[in-house]
Amino acid sequence: MKCSKLISLFLTIFAVLPLCSCGEKKASATELAMDTVINLTVYGKRCDEALQAGLDEIRRIDAMMNAHSEDSEIARLNSIGIGEEAELSDETVYVMKKALELCEKTDGAFDISIKPLSDLWDIGADEPRVPSEEEIDMALSKIGYRDIKINGNRVSFAKEGMQIDLGAVVKGYCADRIVEIFRSYGIKNALIDLGGNIYALGKNENGGDWRIGLQAPQEMRGEPFAVENLSDKTAVASGSYERYFESDGKIYHHILDPETGYPADSGLISVTVIGKSSLEADMLSTAIFVMGCEEFDKIAGEFDFEKYIAVDKSNKVITYER
Ligand code: ADP
Ligand code: MG
């Protein structure tokens, strides 16, 4: 199988920043964290302290919930066998329970026990490859959120080889936490951008809503097909052109369908969810991407979001608004 090398990270949403500034003290930072580019911009008297606290929070949550770092709580959980338990923090259990609710409501289209499959595809590897059918079947046999058992803070697996990956959840949770932290410093205006997982707090430098560009899938990077004006809202996108590789002319991306074992093929190439909870929007953008609009719309009423904007393979824009 001939594979061309991984084609990098491509953000599906980005901030369209205003040009002039209007007096309020500002602090900002750009860092590589959570396997992506993080950008925090904070306005207000205590912006320096708030910025530092925000960056510390990203490191703290990543150290706790990143399935790919050796000593995280999730890595510890993933190392247990049948009959064993891992004692996790209240916070990790909270995020897992939230995610498991979505697994249940989407009947497993969203499944945090995806890790055996995402490890197999390893889209971010130096030389990713298309796995064999046998390998995919083997990985699928280890997946199934119903076999994750939570008893207080103790978590166990009812199936051999299970492992979880909160990659579709953690950035959203982290964005919500940073909002709380910024508010505790009296910050009213800020832009939190965790690799295209955005929280727009208050107003921008010109006193207007934050303008968030939705990347046009087939255009140059930074070229939006729409701009959303947001204030005290989050926008989270999932797209097939974010992380992928090409093999024999076919694109294989990182959002996987737990039913087929292959990259999700619902006909969508990008989904952006807008709402108040970044945790919810993060999970939903991935879930809608896997399910497709038609299936998702049947259960959309059960979720806490305001709007989604999807783009299908023929570049048609599908908007769902409450
Ligand atoms: P990103 O985090 O790259 O912006 P997503 O929020 O859509 O994109 O999350 C994709 C990540 O979620 C994958 O890298 C993988 O770790 C995990 N994942 C992939 N498919 C699923 C799925 N069907 N259900 C839950 N998590 C998934
Ligand atoms: Mg997501």
Side-chain angles (χ1 to χ4, degrees), residues 6 8-14 33-38 61-62 65-69 74 78 95-96 98-125 128 136 139-140 143-145 148 162-176 193-198 215 234-245 252-266 268-275 277-292 295-296 303 305 308 310:
L6 177 74
S8 88
L9 174 75
F10 204 99
L11 297 183
T12 40
I13 41 177
F14 51 88
M34 294 187 157
D35 204 19
T36 191
V37 182
I38 305 277
I61 291 174
D62 192 41
M65 300 186 196
N66 186 341
H68 301 279
S69 74
I74 298 301
N78 285 342
V95 173
M96 282 183 67
K98 279 280 180 194
L100 285 169
E101 279 172 28
L102 192 81
C103 297
E104 191 72 50
K105 287 178 182 169
T106 61
D107 200 19
F110 183 87
D111 193 326
I112 53 169
S113 66
I114 196 86
K115 190 163 181 287
L117 191 64
S118 49
D119 280 355
L120 176 65
W121 279 93
D122 206 4
I123 305 282
I136 287 177
L140 284 178
I143 294 177
Y145 68 91
I148 302 169
M162 283 194 90
Q163 292 206 328
I164 71 162
D165 178 353
L166 298 176
V169 192
V170 170
K171 281 181 279 171
Y173 173 67
C174 192
D176 289 336
D193 181 351
L194 311 181
N197 192 317
I198 286 177
Q215 173 67 41
T234 186
V236 183
S238 287
S240 52
Y241 50 96
E242 266 182 279
R243 291 168 204 266
Y244 63 94
F245 71 96
Y252 296 92
H253 59 79
H254 73 313
I255 302 172
L256 303 167
D257 186 339
E259 204 168 303
T260 63
Y262 282 82
D265 191 15
S266 66
L268 301 179
I269 52 177
S270 131
V271 179
T272 302
V273 177
I274 292 172
S277 160
S278 204
L279 170 63
E280 187 94 350
D282 193 7
M283 298 193 292
L284 283 179
S285 66
T286 310
I288 298 170
F289 192 97
V290 176
M291 298 176 82
E295 277 305 300
F296 177 76
F303 302 105
F305 72 102
Y308 77 69

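Both ligands and their constituent atoms are indexed starting at 1 by order of listing.
- Residue Met65 comes nearest to Val170 through the heavy atom pair CB-CG2, 3.8 Å, listed as atom of the first residue, atom of the second, then distance.
- The distance from ligand 1 to the heavy atoms of Ile255 drops below 4.0 Å at these ligand atoms: 7 (O), 19 (C), 20 (N).
- Of all the atoms in ligand 1, the ones that sit under 4.0 Å from a non-hydrogen atom of Ser238 are 5 (P), 6 (O), 7 (O).
- When the heavy atoms of His254, His253, Glu259 are ranked by distance to atom 8 (O) of ligand 1, first place goes to His254.
- Distances below 4.0 Å separate heavy atoms of Arg243 from the following atoms of ligand 1: 3 (O).
- Results of the side chain to side chain contact (heavy atoms under 4.5 Å, CB included) test with Phe110 over Thr106, Ile114, Asp107 single out Thr106 as the only residue that passes.
- The OG1 atom of Thr286 and the O atom of Asp282 subtend an angle of 90° at the Mg ion (ligand 2), given to the nearest 10 degrees.
- When all heavy atoms are compared, the tightest approach of Ile112 to Ala99 is CG2-CB, 3.7 Å.
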Step by step, would you call Lys115 with Ile74 a side chain to side chain contact (heavy atoms under 4.5 Å, CB included)? CA-CA 11 Å; Lys115 190 163 181 287; Ile74 298 301; over 6 Å; no

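- Each of Tyr244, Phe289, Phe245 was compared with His253 under the ring pair (Phe, Tyr, Trp, His ring centres under 6.0 Å) criterion, and only Phe289 meets it.
- Within ligand 1, counting atoms from 1 as listed, the ones closer than 4.0 Å to a heavy atom of Lys171 are 1 (P), 2 (O), 4 (O).
- Set against the non-hydrogen atoms of Asp282, the atoms of ligand 1 under 4.0 Å away are 6 (O).
- Exactly one residue among Leu268, Asn197, Thr286 makes a side chain to side chain contact (heavy atoms under 4.5 Å, CB included) with Ser238. That residue is Thr286.
- Looking at His68 and Asp119, their side chains come closer than 4.5 Å, going by heavy atoms from C-beta outward.
- Relative to atom 23 (N) of ligand 1, the option among Ile143, Ile123, Leu256, Leu284 with the closest non-hydrogen atom is Leu256.
- Contact atoms of ligand 1 toward Thr286: 5 (P), 6 (O), 7 (O), 9 (O) (distance under 4.0 Å to a heavy atom of the residue).
- For an aromatic pair to be called close, the ring centres must be under 6.0 Å apart, and Phe296 with Phe303 satisfies this.
- Ligand 1 has at least one atom lying under 4.0 Å from a heavy atom of Ala109.
- Ligand 1 has Pro258 within reach: a non-hydrogen atom of the residue lies less than 4.0 Å from it.
- Set against the non-hydrogen atoms of Val290, the atoms of ligand 1 under 4.0 Å away are 23 (N).
- Per-residue contacts place Asp165 under 4.0 angstrom from the following atoms of ligand 1 (heavy atoms of the residue considered): 15 (C), 16 (O).
- Using a 4.5 Å heavy-atom threshold, the side chains of Lys98 and Leu279 count as touching.
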